[in-house]
Amino acid sequence: MINKIGLQNFRVFKEEQSFDFKQINILTGANNCGKSAIQKFLFLLKSSFSEGGKSSTFEKLVFNTETIQKIDLYENNLTYKSDDDKMIFTLGYSDQLWGDVDICLCYQKSNSSEDALLRFIEIIKESKVIFRFENKRCFPTDPKIKEQDAVEFYESFFGKKPETIKEAMRFYNSGGSNDDSKWFYINTELTYDILDVYYSLFLQDKKQYLTYKSISELSQKKTLSKEDEDLKKDLEEKGYLFNDDRAWEEIQSNKQQFIERQLPVWDMKKKRACRISDAKTTFNSFYYDENPEVFIPTLLSYVVFGTPNFFKGKIIEKKASKIRELLYLQEIDSKEEFLSEYKKFELGIIKQSLLSSDYEIRNYVGEKNTTPEPKQEHDFLKYFHPNSLLIDGVVLNGSEKILNILKSDEFNDLNFEAENVYYDSLKGKLDNDEFNLFYPLERKIPVNADNDIKNIKNIEASIRNLPRKLVGQLNTQLKELMLNCSIAFESTSIKKYYFYNEAEPQDKLFLDFANSYDSQKINDQYKFCNHWLKEFDIADELIVEQVMVANKPLGLSFWIFKDGENYPIGDSGVGVNQVIQLLIRIAAQSKKSLLLIEEPESNLHPAYQSKMAELVADAVQHFQLKFIIETHSEYFIRKFQYLVAHPDYKVKADDISISYLYHPDKVPQSKNQVEKLEIRPDGILKQDFGVGFFDENARLTMDLLKLQNHN
């Protein structure tokens, strides 16, 4: 989910300024302070995605004739007098796997057109750059690049050495281009602590598979034990409803064969029947045990987690008791401390695995271990070829405390192979050779270790593919949002008649609405429009009729019905026409679309400015729309405070984002150019507005009193 938009070196925003992106986003502040910059940025994205069609990506910002007419040339959208020729947009993104990350997109003008090309992508988590993709094809990083790098670039493209250095340099400097593809090679630099992030992702993924595995097993049982019933209750509390009518209905109505088998279990979060292939087989093919606390199990972890109340209780089993003594000697005397140290140990193993894939595995397999091309729905992502730049040298530097135990004679003398419950449990997953793969004392890969190699490749491929997948997810969501985004740069006049053979581009809104408007008075569009026509005391009903000549439809006509009479649409005042047009814009959108509205309060009575907030809130509830609204209306914002506080309305404080913008040359001391204002659940604003907004009425009253006292 996209939850933030950041702009840098774009129009009035020289330094990065970010805006929270929620259901209702209100932009307010002084005139000429950048409120329309968001609109121009989104228009640029929308036109770029629209031109690319289904295969479009955010790799290029299209500055075609229409875009230039609306927002000007690329260079004129850079911040005034900026020395930097790159503009940067940051999108906050959140999902279940990654949590909250920022994805930074840097663009630079193409040398061959008016368009701007994506120069690099950065994935940022907790203020750290954890992944960076660079477009080396379109933007050679250094005109004085070393000849050796040019040769490697040539070889990576053609799979052979160039005949001459000059040929390699010419190919590199041309961007490596012999076709129309815009992305060839993107280098990824991994920060040293990147695996710490991935470790959390691995565990989240493992826990999710454990959930699916449990759902799959329970759904196939005819009778449930007491333990099964408890597990089922726990899953239902998490939002998985067994034998749900909605799930059965979806399964029965779906004639298409799913690749993933559907189960009669309703997923409340995804609002659909659970789609799970053989989760048990899938889980067992990738994970070694069912412990959600660790990713790579050892006999040590089996003893610790397999013994009830291991650190505090009385232990009868001698080997487990001895292991607790060894842990105490390393000052590990609680489950929390053990997990912390064991995590360091696992990270060392994963790092070792990555390095081994570079120099050990190829000696046994007979060929270089390369990451296979992932199957991506976005063509440009296939050109992401990350390089592992994790660390220098061989890594066996996991937790020293855990390693000290595993290397100790006391631990190895315990002889787990002799009819030991922990060894038997682990051996059910791994044979002895596979177990040695994760044994840090003797890290050797046996000649027949095909499964070992596969396991290391799985870890490596997962690490390499995760950022590509994240970028692809963002691209998909951003494209869907932009292709369903309604932006109105200038007001469109409402006409009584729309003839098909004379239709202009701005007429499309009304024609689309008319074609979907239900004259039978039963659909949501009809109910929504006519409800708010009555609320604003404009009319009782909106009527759409075909214009027929000689039994042939030539166009459409719009009327409003009030007090028993039909009146031509468009004959009312400017404010009324503006409300009607907004209602049509809202009703014409598909659900979950984004609408940008500029000053909806214009030409409206203060009471109707306030009511406009109710209209927006109702549209969010009925059509799941998102709004970005520029406004100067105190009444409009005040009404949202009231709606949040009132128990009868479903508007929540977390649904609304308010940004107060200052002119870059007039930012008050201790303030940011963009100040975020929050509404508390009780409707009170947590922060103050800028001078001249809510305080203007009080200031004028005081000035008037001073004048009266003076006279």
Check your understanding: Hey, does the side chain of S610 reach the backbone of P606 with a donor-acceptor pair shorter than 3.5 angstrom?
Key -> no

Exercise for review: Could you tell me whether the side chain of N25 and the main chain of I629 form a donor-acceptor pair under 3.5 Å?
Suggested key: no

Practice item. Verify, without hydrogens or angle tests, whether N77 (side chain) and I71 (backbone) share a donor-acceptor contact under 3.5 angstrom. Key: yes

Review point. Can you check ring pair (Phe, Tyr, Trp, His ring centres under 6.0 Å) on Y649 and H646, steps first, answer last?
Key: CA-CA 6 Å; Y649 291 92; H646 201 292; 5.4 Å; yes

Point to revise | Minimal non-hydrogen separation, S659 against V674, with atom names | key: CB-CG1, 4.0 Å

Point to revise | Distance-only donor-acceptor check, side chains N672 and Q17, under 3.5 Å | key: no

**Study point:** Y660 and Y662: CA distance, side-chain angles, deciding distance, ring pair (Phe, Tyr, Trp, His ring centres under 6.0 Å) verdict
**Key:** CA-CA 7 Å; Y660 190 93; Y662 293 95; 5.1 Å; yes

Review point. Any donor and acceptor pair, going by atom type alone, linking the side chain of S572 with main-chain N or O of N577 inside 3.5 Å?
Key: no

Exercise for review: Assess whether atom CD of E126 is packed by more than 12 heavy atoms of other residues, nucleotides or ligands within 6.0 Å.
Suggested key: no

Practice item. Please determine which of I679, I656, T28 meets the side-chain contact (heavy atoms from CB on, under 4.5 Å) test together with I637. Key: T28

Point to revise | Any donor-acceptor N/O pair, E630 side chain to E598 backbone, under 3.5 Å | key: no

Practice item. Look up atom CZ in F58 and atom CG in L45, then write down how far apart they are to the nearest 0.5 Å. Key: 9.5 Å

Study note, to complete from the structure: Exactly one candidate in I38, L7, I88 meets side-chain contact (heavy atoms from CB on, under 4.5 Å) with F13; the answer is L7

Exercise for review: Report yes or no: do N9 and S82 form a side-chain donor-acceptor pair below 3.5 Å?
Suggested key: yes

Practice item. Starting from the C-alpha separation in whole Å, work towards a yes-or-no answer on side-chain contact (heavy atoms from CB on, under 4.5 Å) for L594 and F21. Key: CA-CA 11 Å; L594 170 64; F21 186 59; 4.0 Å; yes

Review point. Are more than 12 heavy atoms from other residues, nucleotides or ligands located less than 6.0 Å from atom CG of N32?
Key: no

Review point. What distance separates L556 CG from Y500 OH, expressed to the nearest 0.5 Å?
Key: 3.5 Å

Review point. What heavy-atom pair brings A539 and I560 nearest, and what distance separates the two atoms?
Key: CB-CB, 3.7 Å

Check your understanding: What's the spacing between E51 CD and F63 CZ if we round to 0.5 Å?
Key -> 12.0 Å

Exercise for review: Could you tell me which non-hydrogen atom of A514 sits nearest to which non-hydrogen atom of V544, and how far apart they are?
Suggested key: CB-CG1, 3.7 Å

Review point. Can you find a side-chain donor-acceptor pair between E601 and Y608 that sits under 3.5 Å?
Key: no

Practice item. Identify whether the distance between the nearest side-chain nitrogen and carboxylate oxygen of D100 and K125 falls below 4.0 Å. Key: no

Revision key, fill the gap. So OG of S18 and CG of L91: to nearest 0.5 Å the spacing works out to 11.5 Å

Check your understanding: Taking the side chain from Q578 and the backbone from S602, do they hold a donor-acceptor pair closer than 3.5 Å?
Key -> yes

Check your understanding: Okay, side chain of H622, backbone of D618: is any donor-acceptor separation there less than 3.5 Å?
Key -> yes

Exercise for review: Could you tell me how the ring of F89 sits relative to the ring of Y107: parallel (under 30°), tilted (30 to 60°) or perpendicular (over 60°)?
Suggested key: tilted

**Study point:** CD (Q546) with more than 12 external heavy atoms under 6.0 Å
**Key:** yes

Review point. Under 6.0 Å from the NZ atom of K671, do we count more than 12 heavy atoms belonging to anything else shown?
Key: yes

Review point. Checking Q8 side chain against C106 main chain: does a donor-acceptor pair fall under 3.5 Å?
Key: no

Practice item. Would you please test V620 and D655 for side-chain contact (heavy atoms from CB on, under 4.5 Å) and show each step? Key: CA-CA 10 Å; V620 170; D655 296 335; over 6 Å; no

Check your understanding: Are the side chain of R680 and the backbone of K686 linked by a donor-acceptor contact shorter than 3.5 Å?
Key -> no

Point to revise | K652 and D654 ion-paired at < 4.0 Å | key: no

Point to revise | Side-chain H-bond candidate by donor/acceptor type, T631 with E599, under 3.5 Å | key: no

Check your understanding: Is it true that the side chains of Q624 and K592 contain a donor and an acceptor less than 3.5 Å apart?
Key -> no

Study note, to complete from the structure: All heavy atoms of T67 vs all of F43, minimum pair found to be CA-CE2, 3.8 Å

Exercise for review: Mark yes when over 12 heavy atoms from residues, nucleotides or ligands other than K495 sit less than 6.0 Å from its NZ; otherwise mark no.
Suggested key: yes

Practice item. Taking only Lys NZ, Arg NE, NH1 and NH2, and the carboxylate oxygens of Asp or Glu, determine whether K676 and D20 approach each other closer than 4.0 Å. Key: yes

Practice item. Would you please say whether a donor-acceptor pair under 3.5 Å links the side chains of N31 and H632? Key: yes

Study note, to complete from the structure: Correct closest heavy-atom pair for Q609 and S633 would be OE1-OG, 2.6 Å

Check your understanding: Which pair of heavy atoms, one from Y526 and one from E541, lies closest together, and at what distance?
Key -> OH-OE2, 2.9 Å

Review point. Do side-chain atoms of D507 reach the backbone of E504 as a donor and acceptor pair under 3.5 angstrom?
Key: yes

Check your understanding: Are more than 12 heavy atoms from other residues, nucleotides or ligands located less than 6.0 Å from atom NZ of K496?
Key -> yes

Exercise for review: Take L595 and I628 through the side-chain contact (heavy atoms from CB on, under 4.5 Å) test and state the conclusion after the steps.
Suggested key: CA-CA 6 Å; L595 270 74; I628 295 179; over 6 Å; no

Review point. Distance from I658 atom CD1 to L685 atom CG, nearest 0.5 Å?
Key: 5.5 Å

Review point. Hey, are the side chains of L241 and R246 touching, using non-hydrogen atoms and a 4.5 Å cut-off?
Key: yes

Exercise for review: Verify whether the ring centers belonging to F561 and Y567 lie closer than 6.0 Å.
Suggested key: no

Check your understanding: Do L61 and D115 pass the side-chain contact (heavy atoms from CB on, under 4.5 Å) test, and can you show the C-alpha distance, the side-chain angles, and the key distance before you say yes or no?
Key -> CA-CA 6 Å; L61 298 178; D115 298 335; over 6 Å; no

Exercise for review: Kindly determine whether Q589 and N484 satisfy side-chain hydrogen bond (donor to acceptor under 3.5 Å, both in side chains), including the steps that lead there.
Suggested key: CA-CA 8 Å; Q589 298 303 308; N484 291 288; over 6 Å; no

Check your understanding: F636 vs F640 aromatic rings, parallel, tilted or perpendicular, using cut-offs 30° and 60°?
Key -> perpendicular

